[in-house]
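Everything on this sheet refers to the single structure shown next.
The model shown is predicted, which means the values in this text are computed figures rather than measured ones.
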Amino acid sequence: MNDQTQIQTKTQHQTRHRTIIAVSAAAALLAGTVSLSACSSAVEQTAGTASGPLQDRMQSLVDAGYPAALASVIGPDGEAIDVAAGIGDLATDEPAPVDGEVRIASNTKMFVSTVVLQLVQEGKVALDAPIDTYLPGLITGEGIDGTRITVRQLLQHTAGLPEYADQIAADAFAAQERYTSPRDMLDIALAKPAVFAPGERWEYSNTNYLVLGLMVESVTDRALAQQIDERIVKPLDLEHTYFPAPGERELRGEHPHGYHAKTVGDLLDITALDTSFAWSAGALVSTPHELNVFMKALLDGELLEKETLAEMQTTVPAGDELWPGAGYGLGLQSYPLSCGGVAWGHGGDIPGTQTRNAVGPDGTAVTIAVTSLPWAVVSPDDNERLMKQYRIVVDALDATLCER
């Protein structure tokens with residue numbers, strides 16, 4: 001849930017999983033108009049045999065300590081390239097599969113925001129209405145008043161709600177087989193005081209999207225997973241993108257294993273994971289290629305009307321330490337590229353997977369996934385090394401968008 005946000009302490013990382021969320025996932029303004037049919041023709045390069053800049057970048061991430069690295073690129077013309085490097089299963093030394101399923105963590109927020117904005121288009125939700133309109137009497141606590149927090153502020157992380165994940169997911173292995181309901185997670189958050197007054201500033205909180213997930217279900221009288229499936233997954237024909245069912249811990253399709261650590265460097269398999277703690281903030285599964293297809297469709301106006309997409313891309317400064325100049329819109333983040341222009345996307349971190357992804361100004365979509373979080377292979381107490389371990393993935397994304 002962590003992607004798109006600040007790098008903080010080990011507990012905060014485990015919590016936000018912003019990748020589960022978003023740390024500094026980048027995506028870019030889509031300038032092209034590539035059809036989904038064109039995107040479906042991928043030129044796959046098999047792990048261990050492919051060569052070229054993209055493969056070399058993935059190998060460099062493995063050399064830096066990540067067990068495996070997967071990448072997918074869809075160019076402006078729709079040509080797709082998928083590569084993988086490293087070991088997909090440390091127990092068997094099986095190579096990482098090309099375009100395998102991964103937990104996309106905080107990239108889930110882009111999907112949830114898209115559903116919310118579709119409901120806005122349908123007149124069922126108003127962006128500047130208080131959340132109390134849709135969840136009457138629910139969002140309340142010390143300094144917390146649902147009549148003063150708007151839907152827009154929740155989407156943009158300017159609501160001031162306290163984080164729930166730092167408590168519920170601080171110990172990833174303890175949460176691995178535990179189901180936690182959305183309402184239980186909300187109770188944890190609302191037991192804390194507000195972080196700031198609504199609209200005062202920006203600060204990433206997974207609780208915002210927990211509330212939005214509850215709102216979607218209240219407004220539609222349907223499960224959030226069903227709304228994402230019917231409004232996004234099926235229309236885009238995404239065969240490997242899904243919201244895990246309650247209690248579902250195994251990934252359904254071919255996938256690399258994900259690794260986490262109790263002691264830095266001592267990697268333990270955490271592939272089987274109950275991601276109920278991430279829910280609407282970061283539980284989705286997808287593949288690098290399918291995440292690219294979604295981002296391109298979103299930024300190409302296939303899922304939202306032009307005016308609604310413009311609202312989504314209206315940003316506030318995000319204070320991203322990994323990507324200076326980053327901005328946060330409504331579930332979508334902007335990133336300035338080293339070669340000029342802006343990329344749009346999100347990103348996410350969850351125990352076992354870090355994902356960075358973006359669409360560049362020319363319509364090129366890039367997703368990179370590595371199979372552990374930085375602080376599983378680098379001490380979280382060494383902030384300089386930890387930041388470097390984060391930046392190498394961000395830099396690989398930037399280099400791919402700028403050079404391909």
Verify the distance criterion only: is there a donor paired with an acceptor across the side chains of [X] and [Y] at less than 3.5 Å?
X: R201; Y: T158; result: no
X: Q55; Y: Q59; result: no
X: D99; Y: H289; result: no
X: N206; Y: E163; result: yes
X: T241; Y: E290; result: yes
X: Y242; Y: E101; result: yes

Checking F173 now: which residues fulfil ring-ring contact (aromatic ring centres under 6.0 Å, His included) with it, not counting sequence neighbours? H260
Qualifying residues under ring-ring contact (aromatic ring centres under 6.0 Å, His included), relative to F111, sequence neighbours excluded: F294
Partners meeting side-chain contact (heavy atoms from CB on, under 4.5 Å) with E250 (sequence neighbours left out): A272
Considering only residues two or more places apart or on different chains, which pairs with a residue in residues 178-199 satisfy salt bridge (Lys or Arg N to Asp or Glu O under 4.0 Å)? D166-K192
For residues 369-388, which residue pairs qualify under salt bridge (Lys or Arg N to Asp or Glu O under 4.0 Å), counting only residues two or more places apart or in two chains? none
What residues, two or more places apart in sequence or in another chain, satisfy side chain to side chain donor-acceptor pair (under 3.5 Å) together with [X]?
X: D395; value: none
X: R249; value: none
X: S338; value: D398
X: K124; value: E122

Below 3.5 Å, can you tabulate the donor-acceptor pairs from side chains in residues 69-76 to any protein atom, sequence neighbours excluded?
residue : atom : partner : partner atom : Å
S72     : OG   : D82     : OD1          : 2.5
S72     : OG   : N292    : ND2          : 3.4

Out of Q153, E203, H157, which one pairs with N208 under the side chain to side chain donor-acceptor pair (under 3.5 Å) rule? H157
Throw together a table of side-chain donor-acceptor distances under 3.5 angstrom for residues 216-224, partners on residues two or more places apart or in other chains.
residue : atom : partner : partner atom : Å
E217    : OE2  : L224    : N            : 2.8
S218    : OG   : Y134    : O            : 3.1
T220    : OG1  : V216    : O            : 2.7
T220    : OG1  : R222    : N            : 3.2
T220    : OG1  : R222    : O            : 3.4

Kindly state each residue pair satisfying ring pair (Phe, Tyr, Trp, His ring centres under 6.0 Å) with at least one member in residues 52-76, sequence neighbours excluded. none
For R148, I'd like to know if atom CZ has over 12 heavy atoms of other residues, nucleotides or ligands within 6.0 Å. no
Go through the steps to decide whether R57 and E403 satisfy the test salt bridge (charged side-chain N to carboxylate O under 4.0 Å, His left out), and finish with yes or no. CA-CA 12 Å; R57 288 186 195 111; E403 303 167 15; 3.0 Å; yes
